[in-house]
Number of protein chains: 2
Amino acid sequence: MSSHGKEIAIALGKLLRRDVRQRIYVSLTDGVGEGVNESTYPVLSGLERCGSATAAELSAVLGLDRSVVSRHATTLEEAGLLNRAPDERDRRWTALTLTDAGKRAVEVMRERLHESIDDFLSEWPDDQVSVFTTILTAFTTNGPIADRTP
Amino acid sequence: MSSHGKEIAIALGKLLRRDVRQRIYVSLTDGVGEGVNESTYPVLSGLERCGSATAAELSAVLGLDRSVVSRHATTLEEAGLLNRAPDERDRRWTALTLTDAGKRAVEVMRERLHESIDDFLSEWPDDQVSVFTTILTAFTTNGPIADRTP
DNA sequence: TATTGTTATACTCTATAACTATA
DNA sequence: TATAGTTATAGAGTATAACAATA
């Protein structure tokens with residue numbers, strides 16, 4: 001019944017710091033390729049998860065305006081990491097799809113991320129890591145952090 | 001020996017989203033007072049932890065440039081939440097100190113934060129919450145997120 | 001000479017608004 | 001009429017640079 005709110009609040013505060021965020025994304029994206037940075041990474045990553053999507057669909061997933069996604073898509077397109085194509089379902093839409101180079105870039109960054117996380121977690125017993133993962137996932141899905149808009 | 005890197009990466013990605021960050025800080029600072037927002041909250045909160053500090057000291061703690069801290073301090077000073085005073089230790093310095101109103105504001109926000117976190121965590125067994133807290137704290141202190149500059 | 005606080009400036013990122021095309 | 005994509009504009013926040021004051 002002890003209260004961990006304070007400790008968690010401190011840890012959360014660190015995570016939300018701009019310089020910390022920046023360091024995370026720089027370590028992820030450094031040297032991966034032209035146009036890949038803190039801002040464009042989520043578009044690249046989100047596209048990999050969705051397979052293929054429109055700017056509007058991605059904007060909902062990423063919590064960004066569709067105009068922002070469109071601009072980042074242009075950057076990534078110019079870098080040869082994604083393609084634009086007319087969407088057959090509705091000719092108002094534009095389907096965004098990763099190129100092979102785009103897929104490779106995501107692969108590299110994912111591996112960096114997962115490896116650095118797993119490296120750190122290897123210090124802890126696996127059952128404790130499972131608990132950590134479960135609660136952290138719940139925290140960002142149903143917790144005080146989650147979107148409550150219906 | 002299972003790999004939780006992927007799940008944690010997804011949760012982390014959500015936490016780092018701008019709209020999520022904004023929602024967190026709005027829920028914390030909403031209605032607390034003039035000038036209290038996502039940008040100035042860390043200054044207020046950091047000052048509460050340090051007791052009294054200069055802009056340069058705070059800037060190191062918060063990961064911001066001292067010019068930014070100085071400007072936020074002006075905002076908070078104008079709102080009556082902190083005071084500037086010459087620092088006796090060195091007359092080049094300016095000591096920032098919370099006013100009573102500033103202390104009350106921090107108190108309100110801290111309570112909101114801790115309560116919402118504890119509320120969420122009440123669903124989980126206390127020993128699991130302890131594990132979560134321990135690993136999360138380590139994650140932001142020694143983990144892949146932490147500052148490695150000596 | 002070096003450091004703090006402050007201010008002015010430039011840069012980055014995002015949201016909003018407006019326009020075009022398609023339904 | 002309504003919605004997606006795109007582009008232009010404006011706003012917020014930060015870092016950098018420059019200056020004055022003090023050590």
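Letters A, B, ... mirror the listed sequences (proteins, then strands); counts begin at 1. Note that these values count all heavy atoms, side chains included, but never hydrogens, waters or copies made by symmetry.
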Roughly how many Å is it from [atom1] in [X] to [atom2] in [N], rounded to a whole number?
X	N	atom1	atom2	answer
A:Arg84	D:dA4	CZ	C1'	12 Å
A:Glu78	D:dT7	CD	C1'	14 Å
B:Arg17	C:dT14	CZ	P	12 Å
A:Glu77	D:dT7	CD	C1'	15 Å
A:Leu16	D:dT14	CG	C1'	17 Å
B:Arg21	D:dA12	CZ	P	16 Å
A:Tyr25	D:dT14	OH	P	18 Å
A:Leu64	C:dA15	CG	C1'	10 Å

Results of side-chain contact (heavy atoms from CB on, under 4.5 Å) for [X] - residues two or more places apart only:
X	value
B:Arg84	B:Ser70, B:Ala73, B:Thr74, B:Glu77, B:Thr94, B:Leu96
A:Ser116	B:Pro144
A:Ser67	A:Asp65

Self-check item: Donor-acceptor under 3.5 Å (A:Arg66 side chain, A:Ala55 main chain)
Solution: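 Checked: no pair found.
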Exercise. Give a yes/no on whether any side-chain N or O of B:His72 is located under 4.0 angstrom from OP1 or OP2 of D:dT14.
Key: yes
Self-check item: N/O (side chain, B:Arg89) to phosphate O (OP1/OP2, D:dA23) under 4.0 Å
Solution: no
Can you sort out the partners of [X] under side-chain hydrogen bond (donor to acceptor under 3.5 Å, both in side chains), two or more places apart, ordered by chain and number?
X	result
B:Ser52	B:Thr97
B:Glu48	B:Arg110
B:Glu38	none
A:Asp19	A:Arg17

Quiz item: Hey, which of these two, B:Trp93 or B:Arg18, hits DNA chain C nearer its 5' end, going by closest nucleotide?
Solution: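 Its nucleotide being nearer the 5' end, the pick is B:Trp93.
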Exercise. Classify every nucleotide of nucleotides 16-23 of chain C by which part a protein heavy atom approaches to under 4.0 Å, writing B for the base, S for the sugar-phosphate alone and - for neither, in 5'-to-3' order.
Key: B-----BS
Practice problem: For B:Leu15 and A:Leu16, work out which heavy atoms get closest and say how close. | Solution: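 Smallest interatomic distance, heavy atoms only, reads O-CD2, 3.6 Å.
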Quiz item: More 5' along DNA chain D: A:Gln22 or A:Ala73, using each one's nearest nucleotide?
Solution: A:Ala73
Exercise. Using heavy atoms and a sub-4.0 Å distance, could you list which residues of residues 33-61 of chain B are near DNA chain C? By number, please.
Key: B:Thr54, B:Ala55, B:Ala56
